[in-house]
Amino acid sequence: MAVPVAFFAVFFAYPVAAIVARGLRTDGAWQPGRIADVLAQPDVRQVLWFTTWQALASTALTLLVALPGAYVFARYDFPGKQVLRAVVTVPFVLPTVVVGSAFLALVGRGGLLDDLGGVRLDTTVWAILLAHVFFNYAVVVRTVGGLWSQLDPRQEEAARMLGASRFGAWRTVTLPALAPAVAAATLMVFLFTFTSFGVVQILGGPAFSTLEVEIYRQTSEIFDLSTAAVLTMIQFVAVGSILALHAWTVRRRETALRLVDASVTARRPRGAGQWAFLGAVVATVAVLIVLPLAVLVQRSFGGAGLGYYRALTEDEGGVFLVPPIEAVGNSLQYAVAATAIAVVIGGLAAVALTRRDAGRLVRGFDALLMLPLGVSAVTVGFGFLIALDEPPLDLRASWILVPLAQALVGVPFVVRTMLPVLRAVDGRLREAAAVLGASPWRAWREVDLPMVRRALLIAAGFAFAVSLGEFGATVFIARPENPTLPVAVARLLGRPGDLNYGQAMALSTILMIVCAVALLVLERLRTDRTGEF
Amino acid sequence: MLLNLESATVRFGGRAVLDGVGLGVAEHEIVCVLGPSGSGKSTLLRAVAGLQPLDSGRILLDGRDQAGVPAHKRGVGLMFQDHQLFPQRDVGGNVAFGLRMHGAARDEQSRRVRELLDLVGLPGAAGRAVAALSGGEQQRVALARALAPSPRLLMLDEPLGQLDRSLRERLVVELRELFGRLGTTVLAVTHDQGEAFALADRVVVMRDGRIAQSGTPLEVWQRPADAFVARFLGFENVVGATVADGVAVTPWGKVPVPDGAPRGTRTLLVRPAGVRLVPADEGLRCTVAARTFRGTHVAVRLRPEDAPLLEAACALRSAPEVGDEVGVEFDEAEIAVLG
């Protein structure tokens, strides 16, 4: 317990405190009035307004598109279901910059739609909204569909036998059971889109800017650190509220529902109508998820064959001090370190949280652990930037800074993956081992470890994928000569010229493949599909 | 005594779940604790196993106080209510677990596993997955696992609780025979009186964390200590009575009692077989309220005027119909004056 607490104190609480101090303290005096000053600026209000409404619109659009998908995954059994499920989940682990690049290739300047019909969406908000739907489709399908597939269909049948119509039975029995899951998914999607950084950074252009992008802009372009700090605090409060609401809905979801094995609730579609419905969902997935990724790959070869890939290995001395391909090595190295840190910290935290004598304080820590997930990567990165670059803790020169930030973002995933599994281990199994002569440590090793080993691997995989694709925090603190893959992609996209564009597509493709492979390995390991991620 | 409990007490939030329990189990004895759910039986086993610390009192094994001795060093076995087999190990792995914990050599382990699986009637099952076992097979594996490290005391928590009736009746006979052969000392708990009577040398009835009665199955059955024990054993004709010379005054009228019964204000038990039906104009006048076919006999519920219901056991042929008027006389051989 002490280790994770110390980790969070030093690498999360301390940087956040530093942000607050930077924002509200000038010339050695506290000036809380700064918040009102910043909020009064018209362009800040503009950003706040855009951040909120695009998040609302993205969330509504995602629900509209993904809920039919959740139903199909929950209730229909059809050939290729496993493949489709994996395809749908891929976007969730894809780095934001890859998604940005993919949609740029689809709807941007010189993109597929531009070539075909002269349509460009990258100057409109639609590109952002579509990318957000792409990203969060899996969140809804997994959270809602996961529960839906475990609801006992006989409950609906019981309602039908009591005289409810087909729709009436759904409305009175299934919908209320599903509502908390829908609410939780809605809040999750809202949170992710509210704090969207990479996608907006790449697709938003100068016209559209979310709070996250604005924080970054204030820091790296205008160098107004105190305004950035105030904006971060606003973001912090907003995200904290959303997370609290989310925790509340999740707790409500845990009320007793009759759950059955998902494999018995799905059946073949019957009749033309149901097949057409299934077809529509598959078509949506094809257009929304497969198409952008396919176009991304196609653009990376764009006329030049392997030319763009070959160019990655060359040191052209402009954008980078090193050949872009070195970013792959950097990324892998950072990701391995970040994964190790996240698994150790997250694992220890999860074990501490499952101990039966865990008090209020410890359970409060559970919620605290989730903060970095929502409090946005930019907050973490910015916090590191201003807190850890001067005594007493000067890590600016150390390569460990990047993995530390990435681990911080990865820990919530580790905890969330491990907790349900650890909680599911029946304490009496441990007692059975004790009565047979196993000491407490031996009992843990013999009983718990074999059961959580798989979850540990999955958690490590998630942490790896997360840190590989991590952009928001890394962009603040990665050193120019050691860019990670996402940072390199963003830099290439920021430059004019076909060669840079093609290289960005090629790097994105590499990153996508690494992440997709990591995910597919995870999917094979994962047996239950009830987890939140 | 192999096991001795001296005023063992466990409290959960102020409520005493074990309330000053004193109990001894001699070597090679099979003791069965009988009680309704919530009477503290499972807590008793957990306390002896070292899984539940005592709030006061002592537990002695072979005369040695077990305070501060952790569960894995007590050398007792516990078979859990729902078996708690390790799901990630096969049958052999489960049975060998205790041997491994005690550092037995590998060939010794496999020899013992084979021996125990033979003993519980599952020869050659070592390679099977526990998830593929039926309830009865799981129970056998759990038993083999508990027996493997040769515990000085074997404890069973509702050993046959989840099995269906016919299997239960067969297994309880097998268990008693097996424990007798091995000379195992056993402390079992159950809520099923049939199971307790069939298994035990001595039955201990528990109520609200206290011991209500202790004795051989025959003693307990013939002379329940009080109204609670009598009702728990399934007797319904239990009333307050004033006992004088060979006669008890009850709401049912005067009832004969055996010679030498204690006098004064007492609780009286009339076994169903002691309620004899006679023509309506003789004895206590009753209406037949219900009749239940019980296989060997018919249980008849009788409603006297101004007195509690009476249960009688009748032969199949002579049982009256619902609504019939009958008379009742009492047979003193089937009547016991309690505590």
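Order of the sequence lines sets the chain letters (A, B, ...), proteins ahead of strands, with each chain counted from 1. It should be emphasised that the depicted structure is a prediction, and the values quoted were computed from it without experimental measurement.
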- Which is it for R46(B) and E431(A) under the side chain to side chain contact (heavy atoms under 4.5 Å, CB included) test, yes or no, and what are the steps along the way? CA-CA 10 Å; R46(B) 294 173 56 80; E431(A) 293 180 352; 2.6 Å; yes
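- Between F86(B) and V447(A) the shortest heavy-atom distance is CE2-CG2, 3.6 Å.
- Looking at L85(B), the atoms closer than 4.5 Å to chain A (heavy atoms on both sides) all sit in the backbone: N, CA, C or O.
- Taking the side chain as every heavy atom from C-beta outward, H72(B) and R442(A) never approach each other to under 4.5 Å.
- No more than 12 heavy atoms of other residues, nucleotides or ligands sit less than 6.0 Å from atom NZ of K73(B).
- Among all heavy-atom pairs drawn from Q88(B) and E446(A), the shortest one is NE2-O, 3.2 Å.
- Of all the listed residues (H83(B), M155(B), R89(B), R74(B)), the one sharing the greatest number of non-hydrogen pairs under 4.5 Å with chain A is R89(B).
- Residues H102(B) and L436(A) approach most closely at CE1-O, 3.2 Å, considering heavy atoms.
- Using a 4.5 Å cut-off between heavy atoms, R145(B) contacts chain A through both its backbone and its side chain.
- Contact of F80(B) with chain A is made through the side chain alone, with heavy-atom distances under 4.5 Å.
- Between the OG atom in S439(A) and the CE atom in M101(B) there is a gap of 8.0 Å [rounded to 0.5 Å].
- Nearest heavy-atom pair, V435(A) versus L78(B), reported as atom, atom and distance to 0.1 Å: CG1-N, 3.2 Å.
- Both the backbone and the side chain of A433(A) come within contact range of chain B, judged by heavy atoms closer than 4.5 Å.
- Residue P70(B) does not touch chain A at all, counting heavy-atom pairs closer than 4.5 Å.
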